[in-house]
Amino acid sequence: MLIFATETSCDETSICLMDDGKIIEHVVFSQEIHKKHGGVVPELASRSHLEIIQNIMVELLNKHRLRFPDIDIFAATCGPGLIGSLLVGSTFTKSLSLGFKKPFIPINHLEGHIHSTSFNNKIEYPHIVLLLTGGHTQLYLLRNDKKIELLGESVDDAVGEVFDKVAKLMGMPYPGGKEIEKNASFGDENFFKLPKPLINEDTLNLSFSGIKTHVNLLVKKSNINETFKTNLSASFQKTILDILITKTKKTLDVLRKKNLKIKQISVVGGVINNKYIRVNFEKFFKKHKIEILYPLNEMMSDNAAMIAWACLKNINKNKPDINFKVNPRLSIND
Ligand code: ZN
């Protein structure tokens with residue numbers, strides 16, 4: 001079964017051809033235009049998708065000498081994400097499916113991330129997924145591969161977003177995650193005491209926007225030199241790690257009380273490319289005898305391979321629906 005999948009929920013234009021669960025070709029084009037604006041500009045993102053998506057498709061099909069009639073299923077991300085960007089990818093893919101009279105299957109972007117580790121790992125249930133991206137910070141329980149339950153999520157900024165915003169406040173270029181990581185390796189992680197919102201509350205929800213506000217005040221009253229940047233980056237990274245570890249630990253406690261023994265956790269999304277967070281996560285889970293699973297590198301950030309895989313994985317559950325309307329706020333229960 002040959003699947004043609006597109007992903008355009010934010011600033012990555014991606015197409016994947018997947019044949020019987022094997023990636024034939026996968027292209028991810030990261031839009032550079034947002035760098036000079038210090039963050040993703042939605043209107044520019046949708047225009048950029050529009051400019052490039054057709055070229056990527058033609059190149060991909062030509063390279064593999066495939067023709068449209070060879071494709072069995074067309075799939076596209078239909079939410080959540082930026083409305084304009086979602087519309088470009090989904091409308092493009094829908095028109096191909098209509099033109100070549102093949103089914104169109106709408107895919108939830110979150111399901112793409114959640115199932116991404118099952119492409120290269122054997123999943124044991126019950127299983128938890130920690131989703132850490134620029135758009136989402138969520139904790140899910142998977143009782144089996146069909147039943148996905150949201151346990152907790154950020155009530156304000158996503159973790160990747162707060163990395164970028166804090167970097168911007170310190171005058172670092174976008175995307176800020178890498179800049180913070182680079183600076184943090186030279187700094188003292190105990191130098192600044194930053195707030196950890198919701199950390200002592202019973203809820204499994206998380207909150208990060210208070211940190212950003214605190215950093216803003218610090219920046220305004222300080223002399224921004226290299227020492228300040230390195231110490232603040234290191235302290236910020238440690239604060240984020242503490243929040244994530246505390247909430248994960250709380251999640252494990254809650255599940256244990258429900259007699260759900262967790263042996264594996266999937267950590268997905270671009271934020272886990274941060275080595276400091278990754279190494280400390282690995283230490284923490286090793287101590288708790290929990291195996292940590294990651295997706296393939298190419299399925300880490302936003303990409304169409306995870307969309308093709310989510311389509312194939314739930315092929316019996318996913319119904320073709322050419323009339324499906326994109327939904328920027330699509331949740332896992334929709
Ligand atoms: Zn994503």
Side-chain angles (χ1 to χ4, degrees), residues 1-19 23-34 40-113 115-116 133 135 298-299 301-315 318-330 334:
M1 183 185 301
L2 185 60
I3 299 174
F4 175 97
T6 62
E7 152 65 39
T8 61
S9 64
C10 191
D11 60 339
E12 250 88 35
T13 318
S14 181
I15 301 185
C16 178
L17 278 171
M18 187 176 277
D19 194 14
I23 298 171
I24 301 293
E25 191 68 52
H26 182 209
V27 176
V28 182
F29 173 80
S30 295
Q31 303 173 356
E32 296 284 320
I33 191 159
H34 308 284
V40 176
V41 183
E43 174 63 19
L44 294 179
S46 31
R47 284 181 194 211
S48 182
H49 288 307
L50 204 53
E51 278 164 18
I52 197 160
I53 195 162
Q54 193 168 344
N55 298 349
I56 297 180
M57 174 202 74
V58 171
E59 222 171 89
L60 216 127
L61 292 176
N62 286 347
K63 186 173 166 192
H64 292 274
R65 296 193 181 158
L66 287 163
R67 296 171 318 118
F68 281 114
D70 299 329
I71 294 163
D72 299 299
I73 289 174
F74 288 89
T77 301
C78 285
L82 302 170
I83 181 82
S85 292
L86 289 167
L87 275 170
V88 174
S90 65
T91 309
F92 177 79
T93 315
K94 277 179 182 180
S95 44
L96 291 172
S97 105
L98 275 175
F100 295 98
K101 299 188 174 57
K102 296 289 172 76
F104 170 81
I105 298 187
I107 302 291
N108 185 322
H109 179 83
L110 298 170
E111 249 184 80
H113 279 303
H115 291 305
S116 61
T133 71
E298 64 184 297
M299 287 204 198
S301 301
D302 290 348
N303 65 88
M306 70 178 190
I307 301 305
W309 178 239
C311 173
L312 181 67
K313 198 170 163 60
N314 286 330
I315 199 74
N318 291 330
K319 299 259 179 310
D321 185 0
I322 194 77
N323 295 314
F324 190 93
K325 286 194 180 70
V326 297
N327 180 354
R329 299 199 162 272
L330 194 69
D334 293 322

Please report the shortest heavy-atom distance between [X] and [Y], naming the atom on each side.
{"X": "Ala76", "Y": "Ile307", "value": "C-CG2, 4.2 Å"}
{"X": "Leu110", "Y": "Leu330", "value": "CD1-O, 4.0 Å"}
{"X": "His34", "Y": "Val40", "value": "ND1-CA, 3.5 Å"}
{"X": "Lys102", "Y": "Pro69", "value": "NZ-O, 2.8 Å"}
{"X": "Met306", "Y": "Ser116", "value": "CB-CB, 4.3 Å"}
{"X": "Ala310", "Y": "Gly112", "value": "CB-CA, 4.0 Å"}

- So salt bridge (charged side-chain N to carboxylate O under 4.0 Å, His left out) across residues 41-63, not counting sequence neighbours, yields Glu25-Lys63, Glu43-Arg47
- Item | Contact list for residues 76-97, test salt bridge (charged side-chain N to carboxylate O under 4.0 Å, His left out), sequence neighbours left out | none
For the pair [X] (side chain) and [Y] (backbone), establish whether a donor and an acceptor sit closer than 3.5 Å, ignoring hydrogens and angles.
{"X": "Lys313", "Y": "His115", "value": "no"}
{"X": "Asn318", "Y": "Cys311", "value": "yes"}
{"X": "Gln31", "Y": "Ala45", "value": "yes"}
{"X": "Ser97", "Y": "Pro103", "value": "no"}
{"X": "Thr93", "Y": "Gly89", "value": "yes"}
{"X": "Ser30", "Y": "Glu12", "value": "no"}

May I ask you to test the [X]-[Y] pair for a side-chain heavy-atom distance under 4.5 Å?
{"X": "Ser85", "Y": "Ser46", "answer": "yes"}
{"X": "Leu60", "Y": "Cys16", "answer": "no"}
{"X": "Asn303", "Y": "Glu298", "answer": "no"}
{"X": "Ile71", "Y": "Leu66", "answer": "no"}
{"X": "Ile73", "Y": "Met1", "answer": "yes"}

Find the distance between [atom1] ([X]) and [atom2] ([Y]) and round it off to the nearest 0.5 Å.
{"X": "Glu32", "Y": "Asp11", "atom1": "CD", "atom2": "CG", "answer": "9.5 Å"}
{"X": "Leu17", "Y": "Leu61", "atom1": "CG", "atom2": "CG", "answer": "6.0 Å"}
{"X": "Ile105", "Y": "Phe324", "atom1": "CD1", "atom2": "CZ", "answer": "12.0 Å"}
{"X": "Thr13", "Y": "Glu7", "atom1": "OG1", "atom2": "CD", "answer": "9.0 Å"}
{"X": "Leu98", "Y": "Ile322", "atom1": "CG", "atom2": "CD1", "answer": "4.0 Å"}
{"X": "Arg329", "Y": "Ile83", "atom1": "CZ", "atom2": "CD1", "answer": "11.0 Å"}

- Task: Could you name each residue pair satisfying ring-ring contact (aromatic ring centres under 6.0 Å, His included) that touches residues 45-77, not counting sequence neighbours?
- Result: Phe4-Phe74, Phe68-Phe100
- Message: According to side-chain contact (heavy atoms from CB on, under 4.5 Å), who are the partners of Ser301, at least two apart in sequence or on a separate chain?
- Response: Asn273
- Using side-chain contact (heavy atoms from CB on, under 4.5 Å) as the criterion, list what pairs up with Leu86, not counting sequence neighbours. Ser9, Thr77, Val326
- Query: With sequence neighbours excluded, what pairs up with His109 under the ring pair (Phe, Tyr, Trp, His ring centres under 6.0 Å) test?
  - Reply: His113
